[in-house]
Amino acid sequence: TGCGSAGGDNAAAGAGDDKPFIALSNGFIGNGWRQTMIAKFEAAATQAQKDGLISKFKVVNAPGENSATEQVAQIKSLLLQKPDALLIDPASPTALKPVIEQACNAGIKVVVFDSAIDAPCAHVLLNSFKDWATAAAQPLIDGIGGKGTVIVSRGVVGSQPEAEMYQTTQDILAKYPDVKVAATVNGLCDGAKAQKAVLGVLSSVPKIDGVIGCGDGYGVAQAFTTANKPIPALTFETNGRALNYWRDSKLDNGSVAVMSDPGQSVAALWEALDLLAGKDVPKELTFPIVLVEQKDLAAWAGALKPDEYAAWPWTQELFRQQVEAVKSGGDPVRPPIPTAAN
Amino acid sequence: MTNLVAAAVPPRALLRRTAPAVVSAVALAAMVAVCASLQPGVLTVPGLTLILSATVPLVVAAQAQMVLMSVGDIDLGIGNFVGLVTVVSATLLVSSPGVGALVLLGLVAGYAVLGALIHLRRVPSLIATLGASFVWLGLGLFLLPTPGGTTPSWLATFGSWQPAGFPAPVLPILVVSALVWLLSSRSSVGVRVRALGSNPVALRRAGLRPLAARAVAYAVAGALGVLSGLVLASQTGGGDVSSATSYTLISVAAVILGGGSFAGGTAVPWGVAIGGVTLGLVSVVLSLLDVPSNMQSAVQGVIVLAVLAGRVVVGKVLR
Amino acid sequence: MHVDNPPPGSVAAPPRDDRSPAAARTVVTTRGVTKAYGRTRALTGVDLDVRAGEVVGLVGHNGAGKSTLMRVLAGLEPCDQGTVVVGGTQVSPRDAGPGATAFRGVRMAYQETSLCPDLTVAENIWLSSRHCLPRLGWRRAAGAAVRRRLDEMFPGHGVSPRDRVADLSIARRQMVEIARASLVDRLDLLILDEPTESLGPDAARTLYDHVRRLAARGTAVLLISHRIGEVLSVADRVAVMRDGAVVAERPAAGLGERDVLLLMGAEVAESAAVTAPAGAGADRPALAELRGATGQGLRDVSIRVGAGEVVGLAGLAGQGQQEVLERLWRPVRRDTTVRGTRAYVPGDRQRSGVLPLWSVAENLTITAMRGLARGGFRRMAAETATVRGWVDRLAVRGGADAAMTELSGGNQQKVIVARAFASTADLVLLDDPFRGVDVHTKTDLYALIREEAARGRSVVWYSSENAEMAHCDRVYVLRAGRVVAELSGDEISEERIIAVSFAESAAGSESASGPVPALSGAASPATSESTGAPR
Amino acid sequence: MIPRTLARPWIWGFLAAALVWVTILAISSQGGGQTVSLALSLAPYLVVVGLGQMLVITAGPGNIDVSVASVVSLAGFVSVQVAATTGSVALGILAGIGTGLAIAVISVVAILGLSVPPIIATLAAGLVASSLTLSLADGFTAVPDEGLRRLLNLRPAGVPVLAVAVAALTALVVVLLRRTTYGRSLLAVGQSRPAAERAGVPVARVIAVTYLASGALAGLAGALLAAYIAPSPDLGTRYLLDSVAVVVIGGTLISGGRAVPVGIWGSALFFILLDGLVNLVGWSTAAQNLLKGGLVLFVLFLAGGGALRGPATGARTRRRSRPAAATTPATITGDTTHG
Ligand SMILES: Nc1ncnc2c1ncn2[C@@H]1O[C@H](COP(=O)(O)OP(=O)(O)OP(=O)(O)O)[C@@H](O)[C@H]1O
Ligand SMILES: Nc1ncnc2c1ncn2[C@@H]1O[C@H](COP(=O)(O)OP(=O)(O)OP(=O)(O)O)[C@@H](O)[C@H]1O
Ligand SMILES: [Mg+2]
Ligand SMILES: [Mg+2]
């Protein structure tokens with residue numbers, strides 16, 4: 001932690017002239033998920049530097065609110081430093097298109113992760129939002145026995161992943177006519193916002209059996225506590241705070257914790273290295289989401305700090321296995337669940 | 001003797017007025033120097049193009065903010081408005097250019113109406129534009145819930161224009177600033193608008209309608225907002241209503257750095273251009289310097305404060 | 001296109017020496033004009049005629065309705081009842097409003113200038129005279145016009161059309177304001193509302209010369225002023241307003257100041273006599289001192305204020321008097337010592353006096369509140385008692401609960417003076433606060449100052465009106481940031497002050513100032529007024 | 001004076017809140033009382049931030065505190081950390097308040113020492129605060145105190161304890177404004193800074209105290225909010241725009257000089273109930289934003305000059321009064337006549 005973006009010491013940078021220089025541009029740093037994502041990347045990149053895989057690395061976070069314009073400016077100045085590969089967690093799935101093309105034209109390998117992007121020259125690495133939505137809704141509906149009243153808490157409406165996820169949720173719900181949707185709130189995949197949104201409707205809805213959300217269960221649980229109502233089945237976020245709460249409150253009603261994987265940034269690093277090494281990597285890679293089920297709950301909960309999100313510990317090995325799995329259409333790799341000692 | 005006195009006063013007053021912009025310019029030069037020392041490529045034409053291009057829409061938005069600040073108002077909706085324009089240009093302007101153009105004109109008219117209502121109902125512009133910013137956001141999300149779309153080819157061509165010999169972004173910055181300068185400082189419309197910010201009572205006594213002046217100011221700000229959005233869309237190639245939210249406060253800061261004030265009455269288009277470019281370059285400097293990621297916001301804040309502190313020092317010296 | 005062409009007027013402009021302008025064309029006529037603002041009846045039925053080529057002086061106490069009447073005549077506001085005939089056509093209330101065409105030939109110079117401070121002089125001219133400026137090149141035309149008019153009215157004015165108004169001294173702004181009002185292609189009636197309050201005597205003289213010339217060419221001029229002597233010397237006719245109506249109209253010739261005062265409201269006439277100050281205060285302990293203060297417009301100024309003393313600061317406007325007050329108000333420099341607490345009475349009441357959202361009572365107690373409070377909490381009962389005392393003592397019209405902005409200027413000024421004296425301050429600083437205040441009010445306030453001084457308070461009083469200095473124990477006359485004379489007791493007289501104010505030529509033999517460096521004129525931020533000789 | 005101030009301005013927020021409440025009731029036809037009760041358990045946080053913002057806005061044209069959002073987030077982390085380390089909730093809350101004060105010190109130094117316009121000064125202070133927040137959030141391990149959370153969730157007879165406490169705080173602010181020399185000085189400074197200065201009001205001290213108070217209140221809100229929800233780097237994000245909006249809809253004069261603390265409750269309830277309504281009906285964020293903006297504008301334009309400004313207030317004229325003293329005595333804006 002600390003000065004990760006300092007890119008290691010300069011001596012090392014000078015020594016490994018032929019080793020690649022990796023830059024990461026992150027559109028937003030203001031939540032726990034993004035912080036975990038950056039922390040995982042910096043740890044892995046520092047290690048890779050020690051191992052002599054890369055010469056140096058650099059992380060640039062656009063300051064302020066999720067601002068595409070700031071990110072564009074920062075990527076442009078990164079281009080001046082001529083990195084060999086550029087990893088991007090975009091603030092906006094469209095605004096970066098021209099600058100990504102500019103980067104590609106400059107001969108830089110570009111890997112975009114955490115969000116689909118319509119830039120033909122870039123490699124894209126992302127989680128399956130369909131899996132995510134399915135993993136959020138299905139166990140929960142099963143948990144309440146296929147009937148009852150639920151609230152749907154949507155993510156950032158307007159974002160393309162959300163649209164896909166919401167569609168998936170709708171499709172699943174369509175199969176269960178006995179599950180009634182009492183309200184659809186905008187939780188924005190953010191516990192605090194979901195808490196307020198759910199609290200706002202709780203007095204006006206009948207008894208709720210479950211809240212299908214996108215990683216905002218902790219806040220929703222607080223809302224039910226405030227309203228003095230029993231905690232229904234929830235979709236928790238995968239951070240330590242939520243998992244500990246889930247474990248301590250002994251909820252066993254179909255609740256799950258599911259989110260995209262902040263370890264993607266590390267996978268993106270490995271992808272960039274393989275690309276630079278001339279390996280054949282598909283343009284689009286789908287990686288597994290992080291799903292915490294009841295059986296793994298204790299292990300995850302013990303290993304995570306409150307604001308730290310569960311991340312798959314991608315190694316170069318695991319990464320290559322997953323690439324093979326994607327190519328061959330096989331089952332996705334299941335990286336090991338960390339132990340509390342981590 | 002009196003002529004001597006008269007001649008001695010204005011240059012000093014002029015100096016006092018331009019000092020803020022000069023300090024910003026010095027800061028700008030310093031920042032470019034730092035960038036260049038870290039990355040010599042900055043001083044080449046492609047380098048300057050790279051680092052300056054992102055500041056163009058910001059400068060244009062700051063000019064819009066400046067026009068409103070010159071009537072003593074403030075626009076907390078400009079960021080979302082620019083975002084909305086990018087959305088319109090990535091959707092309607094492509095599917096049916098005529099309708100798109102009409103909608104953009106309608107948005108300018110909407111700004112004028114907003115200004116007129118602010119005037120007639122005597123509500124504070126700060127809160128009215130804050131309310132309007134929710135409306136712009138809502139409209140943008142309504143048109144394009146998902147960031148995306150593609151801008152018309154002529155816009156994209158403009159965005160990727162790379163003339164030889166000079167950095168392309170300099171041209172729109174100079175042209176827009178010159179236009180705003182002509183309009184606000186040299187034309188009679190500008191006199192009305194600034195008079196409104198300076199002393200509305202005088203404007204009314206002169207038989208001019210403050211309502212008209214305010215509506216004109218808002219219309220001009222709206223037009224500049226549309227221009228900013230088009231430029232932004234030309235650079236991003238798509239529409240995203242929340243792509244420019246940070247412009248709201250940054251544009252205010254740019255006006256202040258350029259020597260404008262909240263009191264109204266003054267128009268400082270050239271200062272605003274300098275202030276806007278300065279602020280736009282802060283994130284470039286940050287990404288060139290190896291500032292720890294968590295500390296980047298703080299450094300940005302400190303740079304702004306330092307430039308303004310420089311102003312104070314210069315102001316003291318000039319007095 | 002002929003912005004500065006003086007009006008041809010009617011062809012039959014009467015010769016100036018014909019003191020019976022009754023024969024001339026009537027420019028403006030009002031009959032039974034009334035105007036009410038809410039409960040306030042500002043005008044109760046005004047009959048007035050103004051004829052081409054005459055100068056009419058309009059006098060009256062504060063709140064008599066002069067400004068309101070002028071606004072009606074200038075077409076800024078419609079009247080409620082009655083008729084207004086402008087240039088031969090009767091105007092209905094609908095025609096009134098800023099910029100109404102019916103009122104094209106009527107122009108008004110406001111007492112508190114209606115210029116835009118952030119605009120240049122030329123741009124300000126464009127605002128009010130745009131009808132007669134070319135569409136292209138208006139900037140140059142406006143600049144040339146205003147320069148010519150200023151040269152004519154105030155030779156040596158030192159104003160450039162490209163100056164920003166905010167950078168000009170108050171006096172110069174006033175000049176621009178007056179020039180602005182007179183710049184029009186056809187001027188039938190020029191209204192001057194207290195034009196000379198911030199002008200020096202020299203500028204006032206040249207202004208009045210111009211007024212006479214305008215009149216000679218057929219323009220009617222309405223002149224409002226509280227300086228009755230000036231009115232009498234310039235006007236052909238004097239109209240006296242009282243409580244919203246014109247109560248008397250007299251030819252100026254043969255009218256004395258006392259007569260006018262009697263017409264305005266009689267009973268003060270006697271008390272206007274100057275209270276002779278008590279003996280010199282040199283032996284009293286010093287409460288405040290400036291020792292060789294230099295910088296920020298001052299040079300080597302030494303001033304001493306004894307306890308219970310009224311010290312005057314005199315001289316032409318802008319010679320450093322306000323800087324002295326500023327030092328005493330915020331004694332942060334080494335060269336200034338002030339023992340005890342201070343209160344300040346600003347002259348610029350609109351800007352730095354009135355708290356517009358509050359009532360009279362709230363405005364009055366803001367300074368005293370601190371002294372009365374216990375542990376940061378206000379003592380309401382004590383405050384109420386204070387307010388009641390002062391409202392009664394100064395007879396503030398409207399009472400304690402009236403909104404401050406509903407009071408007339410003079411009454412607002414009373415409240416602001418009372419605010420300072422209601423505090424426990426040992427030293428009260430007066431920054432020319434009685435500009436444009438009527439004679440009644442002034443007399444009350446002078447008496448108040450003497451009373452408070454007798455109770456042991458010290459007062460430092462800057463006034464641009466030299467006659468006021470007679471109420472002081474001691475007077476320092478400043479010029480170009482220096483003290484050029486110290487007068488006390490019987491030495492204090494208007495003539496003496498004027499004489500030392502123009503020290504260069506003056507035989508100020510006894511003033512200890514020594515030779516004035518030649519540079520001083522140029523270095524002072526002012527002022528064209530100092531160029532002329534005393535009247 | 002009292003009837004004139006209170007007669008109108010604050011009524012709009014409550015009216016709008018009531019309207020939304022009736023709509024919710026009409027749609028769901030149940031839980032009307034509980035709706036209010038739950039809204040009352042969310043409103044206090046916004047009210048606390050709003051009270052601080054109100055004091056700042058009251059200090060006159062140009063005064064605004066845009067650092068509140070970052071202060072809320074930062075104070076959340078600090079207070080949870082301190083409470084967890086010392087084991088004392090009270091110390092945690094004090095630490096939150098102290099954090100707000102510390103950030104406000106940056107603003108105050110910039111505003112008074114460097115003459116930086118408040119919107120910029122507080123923007124910069126906010127940036128510093130968000131940097132500190134991110135550094136703290138990195139590897140943050142402390143968890144909010146359970147006892148405090150239970151207290152915040154306590155609703156005897158449907159009335160949240162916190163709402164009562166914040167109502168008392170509001171009353172305290174009312175007393176502060178009416179009965180203390182600081183309050184009166186603040187109102188005077190807000191009406192006309194030069195006039196207040198000449199009337200002997202220590203303007204710089206009043207301004208400093210005001211920003212410090214805003215910082216402290218935002219810090220307090222952050223401490224409570226972090227216990228109620230959970231510390232997070234974007235805990236306060238929404239509170240910037242909303243705090244300004246509730247203050248102004250609440251009837252406080254945006255040009256300064258008149259504060260209406262009670263009105264903040266009305267507009268805070270309005271905002272919270274509106275959120276509830278939108279979520280209940282299941283509108284998209286597009287509609288939500290359109291509705292929110294539309295209603296803000298509607299209330300604003302409807303209430304208009306009459307309610308949001310004093311009867312004889314030349315607010316537009318007063319906006320001219322420049323914050324800093326000019327070198328020459330500035331021009332007067334002419335008659336105060338219009339309105
Ligand atoms: N716009 C207004 N609104 C309310 N009352 C007004 C307004 N204008 C004038 N008044 C009232 O009308 C009366 C006459 O005011 P006016 O300004 O005409 O007096 P004045 O003769 O100009 O006094 P002064 O010598 O102080 O200039 C005053 O008592 C004032 O209270
Ligand atoms: N909004 C208002 N409500 C009520 N009365 C007002 C208002 N605005 C101005 N007035 C009154 O209108 C009159 C005209 O204002 P003006 O500036 O001419 O002051 P004045 O009375 O002429 O003062 P003075 O002659 O002492 O300078 C004043 O008497 C003032 O009290
Ligand atoms: Mg008057
Ligand atoms: Mg007057």
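Chain A is the first sequence line, chain B the second, and so forth, proteins listed ahead of strands; every chain is numbered from 1.
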Chi angles and distances behind the side chain to side chain contact (heavy atoms under 4.5 Å, CB included) call for B:Arg194, B:Thr266 = CA-CA 6 Å; B:Arg194 281 182 292 131; B:Thr266 47; 6.0 Å; no
Can you list the residues that meet the ring-ring contact (aromatic ring centres under 6.0 Å, His included) rule with B:Tyr111, with sequence neighbours excluded?
-> B:Phe81, B:Trp136
Flag the one option from B:Leu130, B:Val313, B:Leu114, B:Ile74 with the top tally of heavy-atom pairs under 4.5 Å to chain D.
-> B:Leu130
If you count heavy-atom pairs under 4.5 Å with chain B, which of D:Gly62, D:Ala125, D:Pro117, D:Ser130 comes out on top?
-> D:Pro117
Audit row: B:Tyr247, B:Asn80, side chain to side chain donor-acceptor pair (under 3.5 Å) steps and yes/no = CA-CA 8 Å; B:Tyr247 281 9; B:Asn80 282 340; over 6 Å; no
Where on B:Leu257 is there a heavy atom nearer than 4.5 Å to chain D: the side chain, the backbone, both, or neither?
-> neither
Atom group of D:Leu291 that falls short of 4.5 Å from chain B, counting heavy atoms = neither
Working for side chain to side chain contact (heavy atoms under 4.5 Å, CB included), residues B:Val241 and B:Val87 = CA-CA 6 Å; B:Val241 68; B:Val87 167; 3.9 Å; yes
Check the pair D:Arg193 / D:Val203 against side chain to side chain contact (heavy atoms under 4.5 Å, CB included), numbers first and verdict last.
-> CA-CA 7 Å; D:Arg193 193 161 160 169; D:Val203 174; 3.4 Å; yes
B:Leu139 portion near chain D, given a 4.5 angstrom heavy-atom threshold | both
Which one of B:Leu137, B:Val302, B:Val299, B:Ile303 has the most heavy-atom pairs closer than 4.5 Å to chain D?
-> B:Leu137
Pick from B:Leu249, B:Leu308, B:Leu117: which one has the most heavy-atom pairs with chain D under 4.5 Å?
-> B:Leu117
Mind checking ring-ring contact (aromatic ring centres under 6.0 Å, His included) for B:Phe134 and listing every partner two or more places apart, or none if nothing turns up?
-> none
If one checks every heavy atom of B:Leu126 against chain D at 4.5 Å, the contacting part turns out to be side chain
Which atoms of D:Leu123 approach chain B - backbone, side chain, both or neither, heavy atom under 4.5 Å | side chain
Look at D:Val116, D:Leu132, D:Ile64 and state which one has the largest set of heavy-atom pairs under 4.5 Å with chain B.
-> D:Val116
Would you say the side chains of B:Asp73 and B:Tyr218 form a donor-acceptor pair under 3.5 Å?
-> yes
Which region of B:Val304, side chain (C-beta onward) or backbone (N, CA, C, O), has a non-hydrogen atom less than 4.5 Å from a non-hydrogen atom of chain D, or is it both or neither?
-> side chain
Of all heavy-atom pairs between D:Ser214 and D:Gln53, which one has the smallest distance, and what is that distance?
-> OG-N, 4.1 Å
